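For reference, the structure discussed in these notes is given below.
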Amino acid sequence: MGKHYWLMKSEPDTFSLQDLKERPQQREPWDGVRNYQARNFMRDGMSVGDGILFYHSNTKPPGIVGLAEVVSEAYPDPTAFDKKSKYYDEKSDPSNPRWFLVDVAYRKGFKHQVSLEAMKGMSELAEMKVLQKGNRLSITPVSESEYKAICAAGL
DNA sequence: GCCAACGTTGGC
DNA sequence: GCCAACGTTGGC
C-alpha cells in the first residue's frame, strides 16, 4: 500500500507539536479519540510511514505547525480501559475494544505556520476536507497534492 | 462567550 | 427506526 497523508488536530494547550518534540524518542500514542470516523481512519486507513500534518486548533491563529509521521500499526486505546483516565469508556470491552490509536512521531516544525486563513486562500486546497463547512473531525485524509502545497508554504 | 454544525443517546 | 434533547467541537 502506498503512503497516505493525514491531518490531525490537537489543542496546543492539551498537546502541542512542541510537546511531541520533547517526548522521549519524540513519539506518543494518539490517545483519546472518541469519534468513530476518526477511529476508522486510524484503524483501517493508516500505515507506518504515513505523513501527518499537525494542526493546532482552538488557538490563535489555528493552523498547521509542522509534520509528524505514523510509526505504529493501530492498536486498542488503553485509556478506554483506565477508570482513572478522562477518556475512560465503560462500553469499551478489552476483549472487543471499541477505540484504537496509532503512535505518532515528531518530524519537523514549520518555519512558517500555515494558518487556517492562509489555507482558505490556497486554490490547491479548495477540496481539502478540513476546510469544508461544518467539518469538526479531528482526523481527516489529505491528498498528496494538498500535502505538498502545505509543505511548500510552511517549510 | 457565542453559536453553528454535527455526533450520540435514549424514549417511544 | 425516528427524532428531540443534549453534549462537543472549534472558529470567530
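Below, chain A is the first sequence line, B the second, and so on; all start at residue 1. The model shown is predicted, which means the values in this text are computed figures rather than measured ones.
Looking at residues two or more places apart in sequence or on another chain, you find a side chain to side chain contact (heavy atoms under 4.5 Å, CB included) between A:N58 and A:E11. Contacts of A:P24 classified as side chain to side chain contact (heavy atoms under 4.5 Å, CB included), with partners at least two apart in sequence or in another chain: none. Residues passing the side chain to side chain contact (heavy atoms under 4.5 Å, CB included) test with A:K148 are A:E144, sequence neighbours excluded.
The list of ring-ring contact (aromatic ring centres under 6.0 Å, His included) pairs with a residue in residues 122-144 of chain A, not counting sequence neighbours, is empty. Listed by first then second residue, pairs satisfying ring-ring contact (aromatic ring centres under 6.0 Å, His included) with a partner in residues 114-138 of chain A number zero, not counting sequence neighbours. A side-chain hydrogen bond (donor to acceptor under 3.5 Å, both in side chains) check over residues 69-82 of chain A, counting only residues at least two apart or in different chains, returns the pairs A:R34-A:D77, A:R34-A:T79, A:E69-A:R107, A:Y75-A:D103, A:D77-A:T79.
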Using atom types as modelled, flag every donor-acceptor pair under 3.5 Å from a side chain in residues 87-95 of chain A to any protein atom, sequence neighbours excluded.
from, atom 1, to, atom 2, distance (Å)
A:D89, OD1, A:K91, N, 2.9
A:D89, OD2, A:W99, NE1, 2.8
A:S92, OG, A:R98, N, 3.0
A:D93, OD1, A:S95, N, 2.9
A:D93, OD1, A:S95, OG, 3.0
A:D93, OD2, A:S95, OG, 3.0

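Connectivity analysis of hydrophobic side chains (ILVMFWY, heavy atoms under 4.5 Å, direct or indirect) links A:V71 to nothing; its cluster partners are none. Other residues sharing a hydrophobic cluster with A:V130 under the 4.5 Å side-chain heavy-atom criterion for ILVMFWY residues are A:Y5, A:L7, A:L53, A:Y55, A:I64, A:L67, A:F110, A:V114, A:L116, A:M119, A:M122, A:L125, A:M128, A:L131, A:V142, A:Y147, A:I150, A:L155.
Contacts with DNA chain B (heavy atom under 4.0 Å) in residues 117-135 of chain A: A:K133, A:G134, listed by number.
Between the axis at the start and the axis at the end of the helix from B:dG1-C:dC12 to B:dC12-C:dG1 there is an angle of 10°, using five pairs per end and rounding to 10 degrees.
When side chains are defined from C-beta on, A:V102 counts as touching A:V104, because their heavy atoms get closer than 4.5 Å.
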- Annotated protein contacts, base or backbone, on nucleotides 3-9 of chain C with a non-hydrogen cut-off under 4.0 Å, one of B, S, - each: ----BBB
